[in-house]
Amino acid sequence: MSELEKMLAGEWYWSYHPDLMAMRARARELFTQYNQTLNAEKEIRNTILTTLLGSFGKDLDIQPPFYCDYGTYIYLADNVFINFNCTILDYAPIRIGNNALIGPNVSLYAASHPLSASHRISKGSDIAKPITIGDNVWLAGNVVVCPGVTIGDNTTIGAGSIVTRDIPSNVFAAGNPCRVIRSVAD
Ligand SMILES: CC(=O)SCCNC(=O)CCNC(=O)[C@H](O)C(C)(C)COP(=O)(O)OP(=O)(O)OC[C@H]1O[C@@H](n2cnc3c(N)ncnc32)[C@H](O)[C@@H]1OP(=O)(O)O
């Protein structure tokens, strides 16, 4: 298996393989271009995002600056709004559903490393798990979503939360670690 195949299979892999570094360099060039665009330059933004992202739906609005590692593994549905300074480490697929509101300084991290220091400093010490965010979800400012987390439809995650475990649909959850605070009826 190549390092890319291992990464996408959720196995330990070496993220400094030249092929992976080249893919990340490509993403950096594209988001650097994107981050220099003006709000009125919608066609230029759309062209860059078409090259950068895995897929996206209608009416996407990403406010610069925006950062990601590959872009290729980011899949956005319709009517997604991403506010300033979002960081997405898409070493595994990251899916965001329809009508998402992503607050400022939100970070979605699919990438992780071992806690054992000797393993961490060896080659092959990277691992990634997908993140899935349902439809109509609001992640308030400064939320961090950890690898492998799924957040259900219609849920709100309060500002500053660190989401380490799955959160169900139709709730307000917050805190570090993020816990369900209450159900939210529509
Ligand atoms: C798309 C964009 O650009 S978003 C723009 C930026 N705006 C934001 O980031 C919004 C910031 N506000 C929040 O995140 C808030 O958490 C909200 C609005 C989601 C919810 O706030 P509230 O309606 O006040 O929550 P609610 O009254 O249900 O609070 C219930 C409990 O949860 C606690 N709580 C509320 N928010 C949080 C939070 N972010 N972190 C930890 N605990 C929280 C409350 O203190 C309360 O605890 P208590 O009962 O012990 O007093």
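Side-chain atoms are counted along with the backbone in the values below, which use heavy atoms only and exclude waters and symmetry mates. Ligands are counted one by one from 1 in listed order, and the atoms in each one are counted from 1 as well.
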Ring-face cation of Arg182 near Phe172 (centre distance under 6.0 Å, axis angle within 45°) =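 Not flagged: Arg182 not positioned over aromatic ring of Phe172.
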Hey, what's the ring geometry for Tyr13 with Tyr91, parallel, tilted or perpendicular (30° and 60° as the breaks)?
->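 Aromatic pair Tyr13/Tyr91 classed tilted.
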Indicate, with yes or no, if the rings of Tyr67 and Phe31 have centres closer together than 6.0 Å.
-> yes
Looking at side-chain heavy atoms only, is the closest gap between Trp12 and Pro114 below 4.5 Å?
->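 Of all side-chain heavy-atom pairs linking Pro114 with Trp12, at least one is under 4.5 Å.
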Give a table of atom pairs where an N or O of ligand 1 lies under 3.5 Å from a protein N or O.
residue, atom, partner, partner atom, Å
ligand 1, 3 (O), Asn83, ND2, 2.8
ligand 1, 9 (O), Gly141, N, 2.7
ligand 1, 14 (O), Ala159, N, 2.7
ligand 1, 28 (O), Arg182, NE, 2.9
ligand 1, 28 (O), Arg182, NH2, 2.7
ligand 1, 39 (N), Ala159, N, 3.1
ligand 1, 39 (N), Ala159, O, 2.8

Side-chain (Asn35) to main-chain (Phe66) donor-acceptor, under 3.5 angstrom |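 Looks like yes, one N/O pair under 3.5 Å.
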Check salt bridge (charged side-chain N to carboxylate O under 4.0 Å, His left out) between Arg28 and all other residues, then give those that pass, not counting sequence neighbours.
-> Asp69
